[in-house]
Amino acid sequence: MFSESAAAAQSRREQLRDFLRTRRARLTPGDVGIAAVGRRRTPGLRREEVAALAGVGVSWYTWLEQGRDINVSTEVLDAIGAALRLTEPERSHLYLLAGLNPPPPDAARDTDVPPELRHLLDAWRPGPAVLRDRYWNLLAINETAQTVFGFGDADHNCLISFFTNDRYRGMHVHWNSVAPAVVAAFRADAAHFPGDPEFDRVVDDLSAVSPEFAELWARHEVGAAAQAVKAVRHPEEGELFFDTTTLAVADRPDRFLVLYNPQPGTETADRVDRLRHIRLAPA
């Protein structure tokens, strides 16, 4: 995972020891489907019970819980995490204490959006707001984003819409100059998760329908997404300018809020407000 000093490694293993002991102590045999027989002097599960549930040797698990300097695989850590009924944050913590990079959370593709985030999206007026995941899949958008950017029911991924939604694409004032940077930013995001099939799926699906994307992807350019000005030309209100900010959701770092704030000194806020009132007006 990283280079660390002997003292840091020792401290990490001591924390691993205490973490495993406390996770084991909070469980009862009944919690994991084991019949409790006789009087138990040890609170929670015994080491041999955890080892049996995880399918590892008792001696090996004992060494791990004692904080000894031993090698551990991701498969074994997952088995121990399951045996100890660890939550996703606890599972990531176990990986870090074992000296390994945590895997993507199992809930990474969960599309449920908490009501608090939906309220934030709706309250971000007069600006558009989007919630996306690490693959740039659209999880939720506010009404202003639909009105201003032309997102429709068929739009499920920011990158795919950028290349295939004719209205969304046509509104970008500088589409040809922006496109290489957009593809380079997606490649940079994908590089953090090598071998993740969902990134491959997005690339394969888009390459099949967009020769322009396929050509840009083949360049292997990499660039970081920046806080920038998004300029669009709306068919009814003309040019609109937004300052764009992307924020990671604290308790779901695989999700990102993209907030568009009407740029000061332009008529964008008034124009967006007119569009909203037109949309909300009764037919």
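In what follows, every heavy atom counts, from backbone to side chain, and hydrogens, waters and symmetry copies are set aside.
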Can you give me every donor-acceptor pair (side chain of residues 175-183, partner residue at least two apart or in another chain, under 3.5 Å) with its distance?
| unit_1 | atom_1 | unit_2 | atom_2 | d |
| --- | --- | --- | --- | --- |
| Trp175 | NE1 | Phe162 | O | 3.0 |
| Ser177 | OG | His174 | O | 3.0 |

Same apolar cluster (I L V M F W Y, side chains within < 4.5 Å links), [X]/[Y]:
X      : Y      : answer
Val222 : Phe199 : no
Val58  : Leu16  : no
Phe256 : Val202 : no

Hits for ring pair (Phe, Tyr, Trp, His ring centres under 6.0 Å) against His234, two or more places apart or cross-chain, chain-then-number order -> none
Going by atom types alone, do [X] and [Y] pair a side-chain donor with an acceptor below 3.5 Å?
X      : Y      : answer
Asp243 : Asn261 : no
Asp204 : Ser207 : no
Tyr135 : Asp254 : no
Tyr260 : Asn142 : no
Arg13  : Gln10  : yes

Does [X] reach the side chain of [Y], with side-chain heavy atoms less than 4.5 Å apart?
X      : Y      : answer
Leu259 : Leu247 : yes
Leu117 : Leu139 : no
Pro128 : Ile141 : no
Val249 : Leu131 : yes
Thr246 : Arg132 : yes
Trp60  : Ile70  : yes
Asp78  : Tyr95  : yes
Leu138 : Phe151 : yes

Least distance between heavy atoms, [X] atom then [Y] atom:
X      : Y      : result
Ala129 : Ala145 : O-CB, 3.9 Å
Ala54  : Ala79  : O-CB, 3.4 Å
Asn165 : Arg167 : OD1-N, 3.0 Å
Ser161 : Asp155 : OG-OD1, 2.6 Å
Gly127 : Pro262 : CA-CD, 4.1 Å

Is it true that a side-chain atom of Glu65 and a backbone atom of Thr62 form a donor plus acceptor pair closer than 3.5 Å? no
Could you check whether any side-chain N or O of Arg255 sits under 3.5 Å from a backbone N or O of Asp133, counting only pairs where one atom can act as donor and the other as acceptor?
no
**Message:** Below 30° counts as parallel, above 60° as perpendicular, anything between as tilted: where do the rings of Phe149 and Phe242 land?
**Reply:** perpendicular
Salt-bridge criterion met for [X] and [Y] (N-O under 4.0 Å):
X      : Y      : answer
Asp122 : Arg118 : no
Glu116 : Arg252 : no
Arg134 : Glu198 : no
Glu221 : Arg187 : no
Arg17  : Glu14  : no

Supply the atom-to-atom distance [X] [atom1] to [Y] [atom2], rounded to the nearest 0.5 angstrom.
X      : Y      : atom1 : atom2 : answer
Leu53  : Glu49  : CG    : CD    : 7.5 Å
Leu77  : Leu94  : CG    : CG    : 5.0 Å
Gln15  : Phe19  : CD    : CZ    : 10.5 Å
Asp31  : Leu45  : CG    : CG    : 7.5 Å
Glu143 : Leu121 : CD    : CG    : 12.5 Å
Asp205 : His156 : CG    : NE2   : 12.0 Å

| said: Run the salt bridge (Lys or Arg N to Asp or Glu O under 4.0 Å) test on Glu212 and Arg169 for me, step by step, so that the C-alpha distance in whole Å, both residues' side-chain angles and the decisive distance to 0.1 Å come before the verdict. | reply: CA-CA 13 Å; Glu212 291 166 306; Arg169 170 176 173 157; 2.7 Å; yes
Can you see whether Tyr61 has Arg47 sitting over its ring - NZ or CZ less than 6.0 Å from the centre and within 45° of the normal?
no
query: Passes side-chain contact (heavy atoms from CB on, under 4.5 Å), Phe186 versus Val203? Steps please.
result: CA-CA 10 Å; Phe186 186 78; Val203 171; 3.9 Å; yes
**Item:** side-chain contact (heavy atoms from CB on, under 4.5 Å) between Leu206 and Trp217, worked out
**Value:** CA-CA 10 Å; Leu206 187 50; Trp217 186 255; over 6 Å; no
* Asked: Phe213 and Thr164: side-chain contact (heavy atoms from CB on, under 4.5 Å), yes or no, with the steps?
  -> CA-CA 10 Å; Phe213 170 77; Thr164 63; over 6 Å; no
